[in-house]
Amino acid sequence: MRDQLRGSVKINAKGRDLYGFINAVHESRISCFSQYVRRGSFCAEIYRSDLGRLGDIARKHGVELTHFEYDTLSSEVIRRRRRFGIVIGLVLVIAASLYFSGVVVTIDIQGNETVSDSVILAALDGMGVRRGTPFGQINYVICEDKLQLGVEGLSWVGMHRTGHRLVVEVTEVVEKPEMRRERIPCNLVAAHEAEIVHTSVVDGQLMHKVGDYVRQGEMLISGVTGDDTGHTTLHRAMGSVIGIYRDEAVFTGELVRERLVPTGRTDTRRRLRLFSLDIPLYLGHNGYELKTEESTEKPLTAFGKTLPISVTRHSYTEFAREETELTPDELTDELMQKVYIYEKNFLADCEILDRDIVPTEKDGTLTLTVAYRLKGDICSPREILIK
């Protein structure tokens, strides 16, 4: 380490009075390492600080002296001593390290599931606790009490410092589990006007048989039963009544429509976020009337730690309105895709026996009226009102 700081130089000396030069060097108490004489040349290693004295001795004895300096820490400092940017950078790094060691750099919230981080951070901000706040200004006891009382859903709050992080540990209120109303007495009524083709009763009294035609809202399975003694029992009617019924769905689209198309123009704006400060790194404003925006934030890091400094990049893409006209066949294809999605999402539990599609074109619009003949469960629960 000492050699790295003092600097090491390799010398090569040639001349007639070479040995007189070597004796003078030894008498002057100049430290020489790895010295040897070969083919009329004296080679050795000395400290950089002794190079001036060695040069004076060489001139007195008429010796030609050449030298080469090894790469050491001190030589690098001397070589780069006029690069003021490095010095300024070191000063800024040291100043930033000292500053960040005493303020809140990040706020780490732990233990929350239903209460979002943004709600807790907003409450802390109202107390004056945010990124950049000196740790010495934070009253942990008061902040814990205010946070617990001010944020709904928290039963306990604890705060402590870990390095440059402010750790906020919370425990949420355990809500009373919702009671599931699964045994409330009810009847099963018809959800559609249909012809009954199959029945299956688990609990309750069947009110219709196979082949009957029922109207919408008519009782299918009763949850009220009685015996010969006149005793009445309330049940939660359970069962299945399969019926064949009709349903209808309407899908409409415009033949002439307006859509947004990209113009090819883009704009990128950057902002520097320093703690809670948002500093724009651009001039002027974006004049796009119709645009989409994509934002990406890249935090700065130092020594593996994330700093409260980040650069946000906003990318804008301009769009313009454009009218397009579809042919009836093209619009029909689009509407048929909607029909397929409707059947997949809403008629998955039914069997489609028949489908009749009637197109109607009027005032620049195309309407598909789809009449279905379906087979499925038509039961719908209805609670029994008890005084």
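Note that these values count all heavy atoms, side chains included, but never hydrogens, waters or copies made by symmetry. Numbering starts at 1 and runs along the sequence shown.
To the nearest 0.5 Å, the span separating CZ on R131 from CG on L166 amounts to 12.5 Å. In this structure, CD in E330 is found 12.0 Å from CG in L366, a value given to the nearest 0.5 Å. Between the OG1 atom in T332 and the CZ atom in F251 there is a gap of 13.0 Å [rounded to 0.5 Å]. Of the inter-residue distances, the one linking I120 atom CD1 with L147 atom CG reads 6.5 Å to the nearest 0.5 angstrom. Atom OG in S240 sits 10.0 Å away from atom CG in L220 (nearest 0.5 Å). The distance from atom CG of L335 to atom CG of L368, rounded to the nearest 0.5 Å, is 4.5 Å.
At least one side-chain heavy atom of R373 sits under 4.5 Å from a side-chain heavy atom of R246. Between K60 and D17 the shortest side-chain heavy-atom distance does not fall below 4.5 Å. Looking at heavy atoms from C-beta onward, E334 lies in side-chain contact with L326 at the 4.5 angstrom threshold. The closest side-chain heavy-atom distance from V115 to V151 is below 4.5 Å. A heavy-atom distance below 4.5 Å is not found between the side chains of Y213 and H208. A 4.5 Å side-chain heavy-atom check between V173 and L154 finds every atom pair outside the cut-off. Looking at heavy atoms from C-beta onward, I244 lies in side-chain contact with L353 at the 4.5 angstrom threshold. I357 is listed as a side-chain neighbour of M336, based on a closest heavy-atom distance under 4.5 Å.
A search for salt bridge (charged side-chain N to carboxylate O under 4.0 Å, His left out) contacts involving E343 returns R355, not counting sequence neighbours.
Within a 6.0 Å sphere centred on NZ of K14, heavy atoms belonging to other residues, nucleotides or ligands number 12 at most. Residue E64 qualifies as open at atom CD: its count of foreign heavy atoms under 6.0 Å is 12 or below. Other residues, nucleotides and ligands contribute more than 12 heavy atoms inside 6.0 Å of the CD atom of E248. No more than 12 heavy atoms of other residues, nucleotides or ligands lie within 6.0 Å of CD in E294, so this atom counts as exposed by the packing criterion. Counted within 6.0 Å of OH on Y19, heavy atoms from surrounding residues, nucleotides or ligands total 12 or fewer; the atom is thus considered open.
Between F135 and Y140, the distance from one ring center to the other does not fall under 6.0 angstrom.
In the hydrophobic clustering of ILVMFWY residues, with side-chain heavy atoms under 4.5 Å counting as a link, Y316 and F319 come out apart. One hydrophobic cluster, built from ILVMFWY side chains closer than 4.5 Å, cannot hold both L121 and V167; they sit in different ones. There is no path of hydrophobic side-chain contacts, each under 4.5 Å, that joins I242 to V202. Placement of V189 and V197 in two distinct hydrophobic clusters is found when ILVMFWY residues are connected by side-chain heavy-atom separations under 4.5 Å, directly or transitively. No single ILVMFWY cluster, assembled from side-chain heavy atoms under 4.5 Å apart, contains both V214 and M207.
Salt-bridge annotation for R53 and D56: absent, with no side-chain N of the basic residue lying under 4.0 Å from a carboxylate O of the acidic one.
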### Task
Apply the test side chain to side chain contact (heavy atoms under 4.5 Å, CB included) to residues F42 and I11: give CA-CA distance (whole Å), side-chain angles for both, the deciding distance (0.1 Å), then the verdict.
CA-CA 8 Å; F42 174 68; I11 63 168; 4.2 Å; yes

#### Entry: Chi angles and distances behind the side chain to side chain contact (heavy atoms under 4.5 Å, CB included) call for I22, V37
CA-CA 10 Å; I22 294 173; V37 178; 3.9 Å; yes

### Message
As a quick check of understanding, evaluate side chain to side chain contact (heavy atoms under 4.5 Å, CB included) for N112 and V119, giving each step before the final call.
### Response
CA-CA 11 Å; N112 59 317; V119 173; over 6 Å; no

### Task
Under the side chain to side chain contact (heavy atoms under 4.5 Å, CB included) rule, what do V104 and I138 come out as? Steps first, then yes or no, please.
CA-CA 10 Å; V104 178; I138 301 176; 3.9 Å; yes

### Task
Could you go through the side-chain hydrogen bond (donor to acceptor under 3.5 Å, both in side chains) check for E297 and S295 one step at a time?
CA-CA 7 Å; E297 184 174 358; S295 300; over 6 Å; no

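Judged as a salt bridge (charged side-chain N to carboxylate O under 4.0 Å, His left out), the pairs with a partner in residues 310-326 (not counting sequence neighbours) are, in order, E258-R321, R259-E322, R265-E318, E289-R321. Residues in residues 195-218 take part in these salt bridge (charged side-chain N to carboxylate O under 4.0 Å, His left out) pairs, two or more places apart or across chains: K209-D212.
E172 places a side-chain N or O within 3.5 Å of a backbone atom of T114 that can act as its donor or acceptor partner. Using modelled atom types, no side-chain atom of Y245 and backbone atom of G376 make a donor-acceptor pair closer than 3.5 Å. A donor-acceptor pair is defined here as one N or O able to donate and one able to accept, closer than 3.5 Å; such a pair exists between the side chain of R130 and the backbone of D125.
For the side chain to side chain donor-acceptor pair (under 3.5 Å) criterion with Y282, the lone passing option out of H314, R270, R271 is R271.
H61 approaches A24 most closely through the heavy-atom pair NE2-CB, 3.6 Å. In this structure, L124 and V168 approach most closely via the heavy-atom pair CD1-CG2, 4.1 Å. In terms of heavy-atom proximity, I378 sits nearest to A194 at CD1-CB, 4.0 Å. Nearest heavy-atom pair, E144 versus M159, reported as atom, atom and distance to 0.1 Å: OE2-N, 2.8 Å. Contact detail for G239 and L188: the closest heavy-atom pair is N-CD1, 3.8 Å. Taking all atoms of both residues into account, the shortest heavy-atom contact from G128 to T133 is O-OG1, 3.2 Å.
For the residue pair Q205/T225, the side-chain donor-acceptor check at 3.5 Å is not satisfied.
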